[in-house]
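These notes are about the structure you will find just below.
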2 protein chains.
Amino acid sequence: MNSVCSPSAPKGRPREFDIDEALGQALLVFWRNGYEAASMTELTSAMGITKPSLYAAFGNKEQLFHKALDLYEREKLAYMTSALEAPTARGVAERLLRGSLEMQMSTCDPKGCLGVISAATCGAEAEPIKAEVVKRRASSEAALVKRFAEAQAAGEFPEGMTPEALTRFLFAILQGLALQGGSGATCAELSQLVETSMAVWPTQ
Amino acid sequence: MNSVCSPSAPKGRPREFDIDEALGQALLVFWRNGYEAASMTELTSAMGITKPSLYAAFGNKEQLFHKALDLYEREKLAYMTSALEAPTARGVAERLLRGSLEMQMSTCDPKGCLGVISAATCGAEAEPIKAEVVKRRASSEAALVKRFAEAQAAGEFPEGMTPEALTRFLFAILQGLALQGGSGATCAELSQLVETSMAVWPTQ
DNA sequence: ATGCCTATATACCGACCGGTATGAATAGCG
DNA sequence: CGCTATTCATACCGGTCGGTATATAGGCAT
């Protein structure tokens, strides 16, 4: 209750690892293996820390996954929010498709999408994990619906096309893209999928 | 080397369960939980048999999954082959989409697609499982490419649309459909996705 | 130097995993 | 009736799971 009260006033022994870097490594393990298949042994090994350190710093496996998911959305899904700023609905779709494609083509990151992997996983233990991922996806969808509603008001849509329908359609393609990417599809094949999707995207 | 040599000449104690019915129950468990999350305990419980009986009748967990996958393709994916008989490429796509939609809407079967679930699962233990599923998917894709090539030769495609591209595109939508179905999407939402896909499907 | 507090490392916990050894039960065959 | 062959039920195997008790090491204030 005194002194400078600096943000870094650790009274005890200082931790010997960078907590953000460790979280980044945990994210990679979850990304490659999914929640359930990522064992504590593999997590701690990749993070370079021991199990008690992990539990002291992150709580437990589920909380660690949540924090890794936060990091994933913040760093890897940034193109999603920026895509909404495209001038037209078609531009938004193109940015989303190309952003997702670029992610799948990244040589340093794992293939597939952490969200897709986690949503498809169905173990009883991972039920709350799946629910959380689905919930976050719903908020992303809502943002896209809102953006497409603006586009519709601007007269960009052909009649009969609702913002909800196009959002669901685009998300389905993005999910298929991530799934095929995680199944060993080549860059050319995924790129072809993006081009085809843009070719069929409704114009006026 | 004698007698009627009837196909049913079991010398020992006869098995007390129907092997096909047990396999059907195993399929449901794999379908709901995925390969890795389906434990032997849950499998044997659902099949109504004990572990040694399962191993005697089916080999091991992986072989059981393969047989369940055979059953799945034979019974649940029959609409895929019949869809290829539609008169036009557009008709093929529509049959595939509506067939997949109907499966997702079935109240007795689990949601999602066993193939999608198994392909997204990424545990090291399940690597051969994933490879097998991807391989079977590739053969389905090849069949669709072949059918679309006929359609292209018949002048059904607009220029620039290749059979490979449309196949990949359609499979992506089907995968998105299964994934959203497995994530709790409503019938109305999935139906909307099918309608949108048909609306954007290229015409001539 | 002495407490105090926190992080570290080792070893361990009960539960469950896939898979199996073992012996009793049940059929056909002589 | 044995004899053999197959299935059944129980109990068990080593290994791994997520999670933790315990004791030591290390930085701060006094």
Rounded to whole angstrom units, what separation is found between the NZ atom of K51(A) and the P atom of dA7(C)? 19 Å
Any side-chain N or O of S53(A) under 4.0 Å from OP1/OP2 of dT8(C)? yes
Among residues 19-50 of chain B, which residues get a heavy atom nearer than 4.0 Å to DNA chain D? T50(B)
Please work out which residues in residues 122-129 of chain A have a non-hydrogen atom less than 4.0 Å from an atom of DNA chain D and list them by number. none
Nearest whole angstrom, please: distance from the P of dA15(C) to the NZ of K61(A). 19 Å
Inspect the surroundings of CD in E150(B) and state if more than 12 heavy atoms from other residues, nucleotides or ligands are less than 6.0 Å away. yes
Value rounded to 0.5 Å, distance of CG in L193(B) from CG in L101(B): 8.5 Å
Take Q192(A) and E164(B), measure what side-chain hydrogen bond (donor to acceptor under 3.5 Å, both in side chains) needs, and give me the verdict at the end. CA-CA 9 Å; Q192(A) 187 185 46; E164(B) 290 80 8; 5.3 Å; no
After noting the C-alpha distance and the side-chain angles of L64(A) and M47(A), does the key distance pass the side chain to side chain contact (heavy atoms under 4.5 Å, CB included) rule? CA-CA 12 Å; L64(A) 174 63; M47(A) 299 165 81; 4.1 Å; yes
Provide, to the nearest angstrom, the distance between the CZ atom belonging to R15(A) and the C1' atom belonging to dC5(C). 14 Å
Taken to the nearest whole Å, NZ/K11(A) to P/dT2(C) is 20 Å
Considering residues, nucleotides and ligands other than E62(A), do more than 12 of their heavy atoms fall under 6.0 Å from its CD? yes
I need the OH-P distance between Y55(B) and dT10(D), as an integer number of Å. 18 Å
Where E85(A) and R95(A) come nearest, the two heavy atoms and their spacing: C-NH1, 4.3 Å
Please pick, from dT8(C), dC8(D), dG19(C), the nucleotide with the shortest atom-to-atom distance to any side-chain atom of N60(B). dG19(C)
Which pair of non-hydrogen atoms, one from A57(A) and one from I19(A), has the smallest distance, and what is that distance? CB-CD1, 4.1 Å
Plane angle bin for F17(A) and F58(A) - parallel if under 30°, tilted between 30 and 60°, otherwise perpendicular: tilted
Assign each of E62(B) and P14(A) the nucleotide of DNA chain C bearing its closest heavy atom; nearer the 5' end lies the nucleotide of P14(A)
Salt-bridge contact R98(A)-E195(A) (side-chain N to carboxylate O under 4.0 Å): yes
Nucleotides 22-24 of chain D: which of its N/O atoms have a protein N/O under 3.5 Å away?
none

I'd like to know whether F148(B) forms a side chain to side chain contact (heavy atoms under 4.5 Å, CB included) with V92(B), so could you lay out the CA-CA distance, the side-chain angles of the two residues, the decisive distance to 0.1 Å, and finally the verdict. CA-CA 9 Å; F148(B) 278 174; V92(B) 172; 4.1 Å; yes
Any carboxylate oxygen within less than 4.0 angstrom of a Lys/Arg side-chain nitrogen, looking at R90(B) and E156(B)? no
